[in-house]
Amino acid sequence: MASKCWCCAEPKEEKMQHLFFTSYVATKVWKYFLGHAGISVEGITLHQAVTKCWTANVVPRLQPILQALPAVIFWELWKRRNNYKHGGSVTVNRVIYQVSTTMQSLIQYRKPTLKRVPHKWPDMLNMMESYFPKLMYSKVLWECPSPGWIKVNTDGTSRGNPGRSSIGYVLRNEEGDVIYGCGKEVQEGTNSEAEAQAVLEAMRFCVGNEFVLIELQTDSMMLKNVLAGEWKVLWTIYTQVEEIKDLMAKSNVTVGHTLREGNSLADHLANYALDVGPIVAHNFWELDIQGRKIVNNDKLQCPYIRVKVARN
């Protein structure tokens, strides 16, 4: 037999639907929070209420807040039930207060730029609907290497991570002219494996063609720190990293990190290999139209504008 519920003044059969949705207190709590969000709870089940929270047509920044709401309500109702079971007493208003406090903390965690998050649920919704985040803008440039050096940009991509993978790398001289570029599909794997394979293939080409002054750039911070000895190497790319280090010892190599915008040509070659097919370019004119456009923009020092949400 099912136990009697501890959530009502007149105990009924304790079922999940009753405890978390149809009891007097649960009904008041759900109506308060969902009603202000424009969601009706009349004639629906617990499962449908949760689904409505997850699929509500709201602004994107409100979606994770509404999706977390059912779990918070469940937790506070469960705490109230246990409190009653052990002789305590928790009012409806107290449950609503506790849920509001948790939702307020969640918003403050997800939106650290918001300094004053209201405690009342309707005010939270109004604030989130009208909130516009502060944006940060930064200029990213691809810069020519020092005289006598070549710059090697590498990139690896995996669609699915793991999934179909490809690499792209390009060598350019101090004038920004293309010496060699390559994009090709490689064995399926993760992004980290593709990034390491791109650097390995680029270093093999450089050493095989006797380039000794090399500025190596990758947009993988992980790989840059691994090659610099600052991070431990992942076991999945250990063999590749060891060969890269052996090849680097045969040349004068500096390893740097660049943002994706500063690595546009290598990124383009890697994606071209998956979308169209392999590409090899020994000069500017052997690149496709988009590749030539990127080279021209880089030589003219056209900046890429990087936009991100400010954290403080």
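Bear in mind the structure is a predicted one, so any value in this text is a computation, not a measurement.
No path of Ile, Leu, Val, Met, Phe, Trp and Tyr side chains, each step under 4.5 Å between heavy atoms, connects Ile167 with Ile279, placing them in separate hydrophobic clusters. When the side chains of ILVMFWY residues are joined at heavy-atom separations under 4.5 Å, either directly or via intervening members, Val253 and Trp149 end up in two distinct hydrophobic clusters. A single hydrophobic cluster is not seen to contain both Met221 and Ile244; linkage of ILVMFWY side chains at heavy-atom distances under 4.5 Å, directly or through other members, places them apart.
Among Lys299, Arg172, Arg292, the single residue meeting the salt bridge (Lys or Arg N to Asp or Glu O under 4.0 Å) criterion with Asp177 is Lys299. With Leu259 as the partner, the side-chain contact (heavy atoms from CB on, under 4.5 Å) test is satisfied by one option alone out of Leu141, Asp219, Val140: Val140. With Tyr180 as the partner, the ring-ring contact (aromatic ring centres under 6.0 Å, His included) test is satisfied by one option alone out of Phe205, Phe211, Phe284: Phe205.
Salt-bridge formation is detected for the pair Arg159/Asp275: a Lys NZ or Arg NE/NH1/NH2 atom is positioned less than 4.0 Å from an Asp or Glu carboxylate oxygen. Salt-bridge formation is not detected for the pair Glu129/Arg61: no Lys NZ or Arg NE/NH1/NH2 atom is positioned less than 4.0 Å from an Asp or Glu carboxylate oxygen. Salt-bridge formation is not detected for the pair Arg94/Glu76: no Lys NZ or Arg NE/NH1/NH2 atom is positioned less than 4.0 Å from an Asp or Glu carboxylate oxygen.
Taking 4.5 Å as the limit, every side-chain heavy atom of Leu287 sits out of range of all side-chain heavy atoms of Val170. A 4.5 Å side-chain heavy-atom check between Arg110 and Pro64 finds at least one atom pair inside the cut-off. Residues Val199 and Leu223 meet the side-chain proximity criterion, which asks for heavy atoms closer than 4.5 Å. For the pair Met127 and Pro118, the minimum side-chain heavy-atom distance is below 4.5 Å.
Counting non-hydrogen atoms of neighbouring residues, nucleotides and ligands closer than 6.0 angstrom, the CG atom of Leu300 exceeds 12 such neighbours. Enclosure of atom CD in Glu230 by more than 12 non-hydrogen atoms of other residues, nucleotides or ligands within 6.0 angstrom is indicated. Within a 6.0 Å sphere centred on NZ of Lys111, other residues, nucleotides and ligands contribute more than 12 heavy atoms. Shown here is Trp54, whose CH2 atom has no more than 12 heavy atoms of other residues, nucleotides or ligands within 6.0 Å.
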Worksheet item: Step by step, would you call Gln187 with Gln197 a side-chain contact (heavy atoms from CB on, under 4.5 Å)?
Response: CA-CA 10 Å; Gln187 182 178 353; Gln197 188 64 32; over 6 Å; no

Practice prompt. Report the C-alpha distance between Leu19 and Trp78 in whole Å, list the side-chain angles of each, state the deciding distance to 0.1 Å, and finish with yes or no for side-chain contact (heavy atoms from CB on, under 4.5 Å).
Written response: CA-CA 8 Å; Leu19 174 61; Trp78 180 248; 3.8 Å; yes

Discussion item. Run Thr27 and Phe21 through side-chain contact (heavy atoms from CB on, under 4.5 Å) and show every step you take.
Written reply: CA-CA 6 Å; Thr27 301; Phe21 195 66; over 6 Å; no

Fill in: salt bridge (charged side-chain N to carboxylate O under 4.0 Å, His left out) between Arg306 and Glu261, intermediate numbers included
CA-CA 8 Å; Arg306 186 179 183 89; Glu261 292 83 353; 2.6 Å; yes

Discussion item. As a quick check of understanding, evaluate salt bridge (charged side-chain N to carboxylate O under 4.0 Å, His left out) for Lys151 and Glu174, giving each step before the final call.
Written reply: CA-CA 8 Å; Lys151 176 167 281 188; Glu174 61 194 72; over 6 Å; no

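Geometric assessment of Arg80 against the ring of Trp75 yields a negative cation-pi assignment under the 6.0 Å and 45° thresholds.
Counting all heavy atoms, side chain and backbone alike, Ser192 lies closest to Ile237 at O-CG2, 3.8 Å. For Asn263 against Gln217, the heavy-atom pair with the smallest separation is OD1-O, 4.3 Å.
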